[in-house]
Amino acid sequence: MISILPTNLNIIETFIFGFVTYVLYYYYKYFTRPCPLPGPFPLPLIGNLHQYSGDDSASAKILQSIYGDMWEIYKGPIRTIWLARNDLFEKVFSPSTNSAFLIRAVSNSGLEEFNTTKIGMTFNSDLKEWSYNRKFMSKAIMSPNFIKQVVEGTQDIFEVMEKCWQNLFENLGNDQIFNIHKWMLLATSESIILLTTHKRAYSIIDYYNKLLPTKKFDIPIGALEESENYIASIRTYIRAMEFFFTTPKIIRILPGVRQYAQRLIKNRDLLYEYLKIIIQERRKEIEKTLDKDFLTSDLLTSFLTANTSLDISNVSDETHVEHMSDEQICGNLIEVFAAGTDSVANSITFIIYYLAHYPKVKECVVKELETVFGRDPNYRFSSDDLSKLRYCEAVIKEVSRIFPSAPTTFRTSTKPVEIGGHHFPANLQFFIYIEGANNHPQHWTDPNTFNPDRFLDGSNKVINTFGGGLRMCPGRNLSIIEILSFMVMLYRKYDIELVNMNAPIRYNFNIIRQCVKMEARIVPRKFE
Ligand code: HEM
């Protein structure tokens with residue numbers, strides 16, 4: 001056999017030779033890449049990771065200011081194209097089934113190892129499966145019964161939280177400092193568990209019991225532990241998705257990292273086993289039920305009753321004639337939890353932050369709540385009531401324009417595509433910098449000014465908070481209803497004062513912005 005290697009090389013020389021060849025090949029590919037865009041110069045193996053702060057949104061802001069609205073960076077070995085203006089999003093957010101952007105992530109060994117490329121929605125690259133899950137989920141969470149349960153359930157959960165606050169005030173004084181983000185996260189976690197499986201979780205009470213152990217709420221230890229373990233396990237699952245999505249195989253096989261990856265996989269298997277028990281129990285309950293009015297309106301019940309005479313959310317259609325397997329149900333339930341907990345909790349936290357900094361806007365919010373609900377602070381509201389809150393909705397839009405919890409989204413091209421005059425090949429990873437477009441002077445007057453009124457002039461301004469096209473967030477209505485509900489319950493009764501008004505919002509970036517901590521005083525309003 002003819003060797004291209006020089007003969008008589010020792011190990012070090014062979015390594016150096018191999019490395020130099022790799023570097024030359026890397027830069028040959030780099031300089032001859034199709035459709036080059038401006039962007040920072042990458043290094044072999046790590047791409048631009050050495051320049052990356054860990055915060056996609058902060059990096060994108062800097063790169064947009066240097067390179068304009070279209071640039072490229074290498075996330076490790078993966079070339080990513082960044083777009084930061086609404087007109088550049090048009091093809092990515094196309095609602096056509098022929099769109100070149102129906103797949104989210106380029107083929108990724110991590111996601112395959114974690115088994116998420118054929119399950120759920122977000123990373124599902126099997127378009128038939130994805131479409132089946134997506135249509136089902138969208139119908140189920142838009143059904144009137146489900147929406148009713150969202151509004152009722154959120155109020156029940158808030159009442160529990162208020163009882164805890166009341167006890168804290170009575171026993172420790174009114175001047176308590178709350179990590180308001182933590183409370184919102186516990187509330188949205190409980191809410192999503194209720195909406196997916198109709199199970200009660202006790203994470204709010206568990207947290208409260210730890211803050212005030214002398215006045216504990218009496219909940220059976222077993223129930224507390226079960227809900228704690230369930231939530232912890234789902235949160236580990238979310239971390240695992242991020243880990244497998246972002247960690248290259250070469251790192252995943254390193255000693256220590258491998259063991260960590262295996263623990264994450266074990267957690268996934270245990271979570272699936274736990275959910276499968278819940279599914280079996282619910283199936284038995286449904287079998288014993290003759291009238292669908294006695295069934296709960298959660299997603300699990302929708303999944304199990306589809307195409308039966310008990311179909312609670314009328315999801316039956318020609319796409320959904322086959323029953324969902326238990327494996328698919330588990331994937332979808334976990335996904336709703338993963339996508340719908342932190343995103344909503346962070347959105348509420350950011351609204352709290354902006355309302356604390358803009359007292360006039362807060363006054364308008366309170367005024368609108370009084371106009372719509374009168375001055376009864378305990379009025380149980382419906383989704384119809386929420387639809388009257390035009391100003392509150394404008395506040396949600398303005399906060400998510402200026403400081404979105406999901407500042408970016410991403411898609412992969414499955415066909416060659418032209419964007420902004422550039423002809424890109426298939427199989428490229430595109431990032432859509434939603435926040436960049438949301439603060440773009442070409443789209444907005446005074447983009448850096450916080451002004452909810454800009455959404456009240458009747459023009460339907462595009463903010464892409466929930467992405468766009470066929471992969472647009474299916475939980476958008478649910479999120480708005482939940483956020484509005486929390487705004488009503490917080491601001492009709494309480495004033496929320498931040499402890500440190502000069503501190504910026506502290507967050508970590510893991511696919512979305514996740515607030516680290518936000519300290520506040522919760523001051524009950526006085527009613528005559
Ligand atoms: C304020 C809260 C939320 C925000 C800001 C948000 C934002 C987003 C964004 C930007 C995307 C990407 C869309 C795209 O690529 O075009 C997305 C996808 C998704 N979201 Fe949400 N979301 C929120 C709440 C929820 C909730 C409550 C659910 C629960 C049902 C949910 C479920 C999903 C799913 C399953 C996807 C993937 C869809 C697919 O790939 O087909 N999200 N979300």
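Ligands are counted one by one from 1 in listed order, and the atoms in each one are counted from 1 as well. This one's a predicted model, so the numbers in the text were calculated from it and none came from an experiment. Only this structure's heavy atoms are used, side chains among them; waters, hydrogens and symmetry mates stay out.
Both the backbone and the side chain of M121 come within 4.0 Å of ligand 1, counting heavy atoms alone. When non-hydrogen atoms are compared, ligand 1 lies under 4.0 Å from the backbone of T122 as well as from its side chain. If you look at M137 next to ligand 1, there are no close heavy atoms at all, none under 4.0 Å. Contacts between R134 and ligand 1 below 4.0 angstrom, taking non-hydrogen atoms only, involve the side chain exclusively.
For the ligand labelled ligand 1, residue F410 lies outside the 4.0 Å heavy-atom shell. Within the 4.0 Å heavy-atom cutoff, S347 counts among the residues contacting ligand 1.
Scanning all protein heavy atoms for the shortest distance to atom 7 (C) of ligand 1 gives T465 O, 3.7 Å. The protein heavy atom nearest to atom 29 (C) of ligand 1 is V336 CG1, 3.8 Å. Ranking the protein heavy atoms by distance from atom 15 (O) of ligand 1 puts T409 OG1, 2.7 Å first. The protein atom (non-hydrogen) at minimum distance from atom 13 (C) of ligand 1 is R471 O, 3.3 Å. Here the heavy atom of the protein found nearest to atom 35 (C) of ligand 1 is E335 OE2, 3.5 Å.
No side-chain heavy atom of L37 sits under 4.5 Å from any side-chain heavy atom of Y67.
For the pair W130 and ligand 1, the shortest N or O to N or O distance falls below 3.5 Å. The shortest N or O to N or O distance between R411 and ligand 1 is under 3.5 Å.
The list of salt bridge (charged side-chain N to carboxylate O under 4.0 Å, His left out) pairs with a residue in residues 117-129, not counting sequence neighbours, is empty. Among pairs with a residue in residues 417-435, those fulfilling salt bridge (charged side-chain N to carboxylate O under 4.0 Å, His left out) read K91-E418, E435-R513, at least two apart in sequence or across chains. Listed by first and then second residue, the salt bridge (charged side-chain N to carboxylate O under 4.0 Å, His left out) pairs involving residues 403-412 amount to none (not counting sequence neighbours).
The R104 neighbourhood of ligand 1 comprises atoms 12 (C), 14 (C), 15 (O), 37 (C), 38 (C), 39 (C), 40 (O), with distances under 4.0 Å to a heavy atom of that residue. Counting the atoms of ligand 1 from 1 in the order shown, those under 4.0 Å from a heavy atom of S405 are 5 (C). Each of the atoms 16 (O) of ligand 1 lies under 4.0 Å from some heavy atom of G468. Residue F93 has at least one heavy-atom neighbour below 4.0 Å for each of these atoms of ligand 1: 16 (O).
Under the 4.0 Å criterion applied to side-chain N and carboxylate O atoms, R239 and E242 are not assigned as salt-bridge partners. Residues D495 and K362 are paired through a salt bridge, judged by an N-O separation under 4.0 Å between the basic side chain and the carboxylate. Salt bridge status for E112 with K249: absent, with no side-chain N to carboxylate O gap under 4.0 Å. Under a 4.0 Å N-O distance rule, the pair D56/K75 qualifies as a salt bridge. Here R380 pairs with E152 in a salt bridge; the nearest charged N to carboxylate O distance falls below 4.0 Å. Using a 4.0 Å cut-off between a side-chain N of Lys or Arg and a carboxylate O of Asp or Glu, R235 and D342 qualify as a salt bridge.
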Stepwise side chain to side chain contact (heavy atoms under 4.5 Å, CB included) test for V160 and E190: CA-CA 11 Å; V160 172; E190 287 205 13; 5.6 Å; no
Check against ring pair (Phe, Tyr, Trp, His ring centres under 6.0 Å), Y237 and F337: CA-CA 10 Å; Y237 184 96; F337 193 102; over 10 Å; no
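Tally of protein N, O or S atoms closer to atom 21 (Fe) of ligand 1 than 2.8 Å: 1.
Contact detail for M161 and A187: the closest heavy-atom pair is SD-CB, 4.1 Å.
The closest donor-acceptor contact from the side chain of Q155 to the backbone of V151 lies under 3.5 Å.
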